[in-house]
Amino acid sequence: MQVVCGVAEGRSHRAWGVRGAGVGRRILDVEVFVFWREAPSVAERISAVRGSGGSIDILWEDAESQGNSQAAMRATQGKVGQLWPYTDEEWSEHYYLEDLSIGVSGFSAATVEAWVGDLNQGVASDISEMVASTLLARAPITGEEVVADWVSRLEPYPQALALTVIERWLQPDEQWWSVDVLAARNDRPAFDAVLVGMQRRLIRLLLAANGKYLVDPRPKWAQRLIEACEYQPRDCATRLQQVRTAPPGEAASLLQELFGETLEMLSHRFPTIDVQPVRELIRLRR
């Protein structure tokens with residue numbers, strides 16, 4: 001995947017766009033981040049897509065267009081251009097240039113400015129961290145001076161943010177209490193959900209402990225992210241792969257061992273954080 005983040009030329013520099021560093025050797029899709037001085041109109045957003053050679057087949061804020069969405073999907077064989085209404089502080093479009101998938105995430109420059117300030121104060125959300133990680137991995141199209149100012153305040157990763165994220169992901173996980181029962185029953189959908197939840201928790205703790213912003217909450221590229229962490233349990237990425245392929249009972253034991261070692265690492269890196277309550281809770285079993 002290739003990520004784009006910077007500032008796109010517009011009337012009186014109304015917007016900026018950024019392209020981030022590519023992941024992998026093949027470019028399967030492109031992510032473009034656009035930061036607007038002023039809220040764009042629907043017409044401006046459609047014009048930008050068409051100007052790059054794409055098209056919008058479904059306008060999700062238009063009732064008639066929504067009603068024709070399935071027909072549009074069939075007509076384009078799934079390679080449909082879509083434009084969504086402003087939601088969760090984001091303008092979003094997605095379209096295709098032949099086989100190349102293009103995703104556009106638009107944000108108000110004022111919103112990004114506020115997020116940068118919040119992150120420095122230890123106030124985080126998934127979206128603000130994702131934008132921060134994109135800015136740091138950027139390949140600017142234009143408006144580098146604006147993006148560079150944000151980046152200068154995002155590095156180094158704020159200590160207050162690390163503490164906030166770690167404390168958030170150290171909160172009790174009541175689902176883990178049932179892991180042995182689910183393993184014994186070989187109840188895979190429920191068991192796998194518990195394992196995935198604990199793995200997500202572990203990865204979020206590792207990222208914060210290593211001063212790395214969240215790239216994707218799912219999380220994507222987990223192995224690559226873990227391997228880039230200086231502070232981690234021994235062979236963490238390899239052992240997580242073993243968790244995913246081991247029989248249920250063994251997988252639960254492997255993951256608990258990894259999580260325990262992560263807690264030990266955190267106790268040394270952040271002495272003010274008390275990991276003992278969490279250590280005791282994850283030992284409890286139904």
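Between Phe33 and Phe107, the ring planes are tilted. Angles from 30° to 60° get that label. Between Trp91 and Trp36, the two ring planes are perpendicular [angle over 60°; tilted spans 30° to 60°].
One N or O on the side chain of Arg200 and one on the backbone of Pro217 form a donor-acceptor pair closer than 3.5 Å. A donor-acceptor pair under 3.5 Å links the side-chain atoms of Glu44 to the main chain of Ser41, judged by distance alone. In this structure a side-chain-to-backbone donor-acceptor pair under 3.5 Å is missing from Asp118 to Val123. Using modelled atom types, one side-chain atom of Ser69 and one backbone atom of Gln66 make a donor-acceptor pair closer than 3.5 Å. Between the side chain of Thr272 and the main chain of Phe270, no donor-acceptor pair closer than 3.5 Å is present. At least one donor-acceptor pair closer than 3.5 Å links the side chain of Arg239 to the backbone N or O of Arg234. Formation of a donor-acceptor pair under 3.5 Å by the Asp62 side chain with backbone atoms of Ser65 is found in this model. The backbone N or O of Glu145 sits nowhere less than 3.5 Å from a side-chain atom of Asp149 that would complete a donor-acceptor pair. Using a distance-only test at 3.5 Å, with no hydrogens or angles considered, no donor-acceptor pair links the side chain of Gln77 to the main chain of Met73.
In the model, Trp150 has a side-chain atom that pairs as donor or acceptor with a side-chain atom of Glu113 under 3.5 Å. Under 3.5 Å, the side chains of Gln276 and Arg279 contain a donor-acceptor pair of N or O atoms. Residues Ser52 and Tyr95 have side chains that bring a donor and an acceptor to within less than 3.5 angstrom of each other.
Taking CD1 of Ile58 as the reference point, atom CD of Gln82 lies at 4.5 Å (rounded to 0.5 Å). To the nearest 0.5 Å, atom CG of residue Leu214 and atom CG of residue Asp216 are 7.0 Å apart. Taking CG of Leu281 as the start and CD of Glu174 as the end, the distance is 9.0 Å to the nearest 0.5 Å.
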Dump the intermediate steps for side chain to side chain contact (heavy atoms under 4.5 Å, CB included) on Glu227 and Gln232, then the final yes or no.
CA-CA 9 Å; Glu227 289 173 348; Gln232 58 169 284; 5.6 Å; no
Worked verdict on Gln256 versus Trp176 for side chain to side chain donor-acceptor pair (under 3.5 Å):
CA-CA 10 Å; Gln256 176 154 330; Trp176 189 251; 3.1 Å; yes
The test is side chain to side chain contact (heavy atoms under 4.5 Å, CB included); show your working for Leu202 and Leu258 and say whether it passes.
CA-CA 8 Å; Leu202 189 150; Leu258 262 177; 3.9 Å; yes
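Taking the side chain as every heavy atom from C-beta outward, Arg50 and Ile46 approach each other to under 4.5 Å. Val165 has its side chain within reach of Glu129: a pair of non-hydrogen atoms, C-beta onward, lies under 4.5 Å apart. The side-chain heavy atoms of Glu98 and Lys79, taken from C-beta on, include no pair separated by under 4.5 Å.
Under the 6.0 Å cut-off for aromatic ring centres, Tyr96 and His94 qualify, their centroids lying closer than that.
Within a 6.0 Å radius of CD in Gln121, no more than 12 heavy atoms belonging to other residues, nucleotides or ligands are found. For Arg269, the CZ atom counts as densely surrounded, since its 6.0 Å shell holds more than 12 non-hydrogen atoms of other residues, nucleotides or ligands. The number of heavy-atom neighbours closer than 6.0 Å to CG of Asn186, taken from other residues, nucleotides and ligands shown, is above 12.
By the 4.0 Å N-to-carboxylate-O rule, Asp192 lies close enough to Arg188 to be salt-bridged with it.
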